[in-house]
**Student:** 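Can you read through this structure? Questions will come right after.
Each chain gets a letter, A, B and so on, in the order the sequences are listed, and its residues count up from 1.
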Amino acid sequence: MAGENGYIVDVKELTKKFGNFIANDRLTFNVSPGEIFGFLGANGAGKTTAIKILCGLSSPTSGEATIAGYNVYRETEKIKQNIGYMSQQFSLYEDLTVYENFRFYGGIYGLSRKVIRKRTEELLHELNMEKVKNRVIHSLPLGWKQKLAFSVAIIHQPKLIFLDEPTSGVDPITRRQFWEMIYKTAQDGITVFITTHYMDEAEYCGRVSIMAEGKIKAIGSPNDLKSQYDAHNMNDLFIKLVRN
Amino acid sequence: MINTAVSIKNVKKTYGEVEALHNINVDVSEGELFGFIGPDGAGKTSLFRILVTLLLPTEGAASIFDMDVVKDFKKLRRILGYMPGRFSLYQDLTVEENLNFFATTFGTTIKENYYLIESIYKQIEPFKKRRAGALSGGMKQKLALSCALIHKPRLLVLDEPTTGVDAVSRSEFWDMLGNLKKMGITVVVSTPYMDEAGLCDRVALIQKGRLLSVDTPQNIMNGYDEDLWAVRSKNIYKLIEDLRQLEEVSSAFPFGEYVHVSTPPDRINQKMIENLLEKKGHDTVEVKKIGATIEDCFMKLMKN
């Protein structure tokens, strides 16, 4: 379900200050259901601050934002129930088995044992990883863990998933397999909100925004932005926008 | 005659059952900017820790400027600069205190070797009274590089200095490495970003503890042994699926806005690919023959 005007992420003039420092400066953008939205920016541009607000973990200083129709000031618990989150840093419990991780996260989201069992089977089947169900996470290769972490993050069938540098450090083939999973997820109707430092991955997004110094410098489809700024590719575009 | 800076002979490293490095052989010449390119878990950090005398190889030997990494570790540590992957400076010391600490440890002063770090340190000098823990990612990286350089090492070893760093800061960091090379410092660096390979004199592609290839980036790219095409149409995901079903196609992977399609040499031409795709309902197809990038080569070597 989306907000009043059909957007799953609807942000207006969103501002976050820490003392005198303006981490997010009047961000305005929206994301439609089923989109793959790339949230790009320089280090320290304010991406993490904004994502924390959109996930219901931090309150804005001013401005408005709704996630799946829920208000980021007042309905943060509702937001958390309706989103999934995956980052490279925090993904799975290394000393639990694959199934125990699914059961743990399913439990956190309040799913019944029966639903958890069914969802785990479905998700492992899609990954072709039924065989590793009882393996301990730390014994698995990184690429497998990344895919499992993604599945765990959508166990409760969220409306929106936040992926924070999900492909960082994985090999080039696994990175591409991961993007195929992202595409499938978006086709199933889950909105994908993703950050990455791989500029070729920016091309795989339906639309991207590029942040620098707390502001959104540009937003649009990769092709529109490249022609608008006369850039050869996304890397070129990024450097043009962030340097100036 | 060019001196050998780093010599790695049959180095193997195992942790219990896990073989992190499988018989690694590489030489790096003095003055080279040499890159180890590979994903997480390839063995880059294990290899670097062996080089900087922090880890013993299970088998084999390595030497740096003819000094053995095991027997001569004390001498070696004086001429090595090491920037580990994880930020390892003192978070509760200020920028200046950290730099001073490393200079003093090596019996030198900031002033003596300031010329080496000037262009890097200048950018963080306005914050020299700030604690290292309170710096932004980019500033931490510059401080760590300054600290690794302040004793004027002959060999600088950098473990994934650009991981998680944005495209602009990455390109600035590589400019700094280029300058250090000009000052005569041998640089060994690792990265998971394939596009950074082109910025090195020579690279070793590494995966699961094995070297896939060691050469100049240009030679590796020239050595791609199939025809490669960049293909584009409106529906990129249907395009990939359709391409993978063609028997002439060895692999099809998305590369930004194009799909890179590998086919056995002289098996198929541009027109034939266009026709095959048009039959599958792709109307606006663009096909062009291209040279391989390092990432194409890496993926090909991974599959072999």
**Student:** With a 4.5 angstrom heavy-atom cut-off, could you sort out which part of B/Glu160 is near chain A: side chain, backbone, both or neither?
**Tutor:** neither

**Student:** Under 4.5 Å from any heavy atom of chain A, what part of B/Met299 do you find: side chain, backbone, both or neither?
**Tutor:** both

**Student:** Measuring heavy-atom distances to chain B, does A/Asn233 have an atom under 4.5 Å in its side chain, in its backbone, in both, or in neither?
**Tutor:**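 It is neither, since no heavy atom gets under 4.5 Å.
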
**Student:** Can B/Lys300 and B/Asp225 be counted as an ion pair, charged N to O under 4.0 angstrom?
**Tutor:**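 Here B/Lys300 pairs with B/Asp225 in a salt bridge, since their nearest N and O are under 4.0 Å apart.
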
**Student:** Go through the atoms of A/Asn235 and report whether side chain, backbone, both or neither lie under 4.5 Å from a heavy atom of chain B.
**Tutor:** side chain

**Student:** Step by step, work out the side chain to side chain donor-acceptor pair (under 3.5 Å) result for B/Glu196 and B/Thr162.
**Tutor:** CA-CA 10 Å; B/Glu196 293 181 345; B/Thr162 55; 3.0 Å; yes

**Student:** Who wins among B/Val165, B/Val18, B/Asp195 for the most heavy-atom pairs under 4.5 Å with chain A?
**Tutor:**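 Greatest number of close heavy-atom pairs with chain A: B/Val165.
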
**Student:** For A/Lys17, does the NZ atom have more than 12 heavy-atom neighbours from other residues, nucleotides or ligands under 6.0 Å away?
**Tutor:** no

**Student:** Quick check with a 6.0 Å cut-off and a 45 degree axis cone: is A/Arg176 positioned over the face of B/Phe255's six-membered ring?
**Tutor:** yes

**Student:** Is the charged tip of B/Lys140 near the ring of B/Phe87: under 6.0 Å from the six-membered ring centre and within 45° of its axis?
**Tutor:**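 Flagged: B/Lys140 positioned over aromatic ring of B/Phe87.
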
**Student:** Look at A/Ala42, A/Pro141, A/Gly44 and state which one has the largest set of heavy-atom pairs under 4.5 Å with chain B.
**Tutor:** A/Ala42

**Student:** Just say parallel, tilted or perpendicular for the rings of B/Tyr193 and A/Tyr198, cut-offs at 30° and 60°.
**Tutor:** tilted

**Student:** For A/Lys226, is it the side chain, the backbone, both or neither that has a heavy atom under 4.5 Å from a heavy atom of chain B?
**Tutor:** side chain

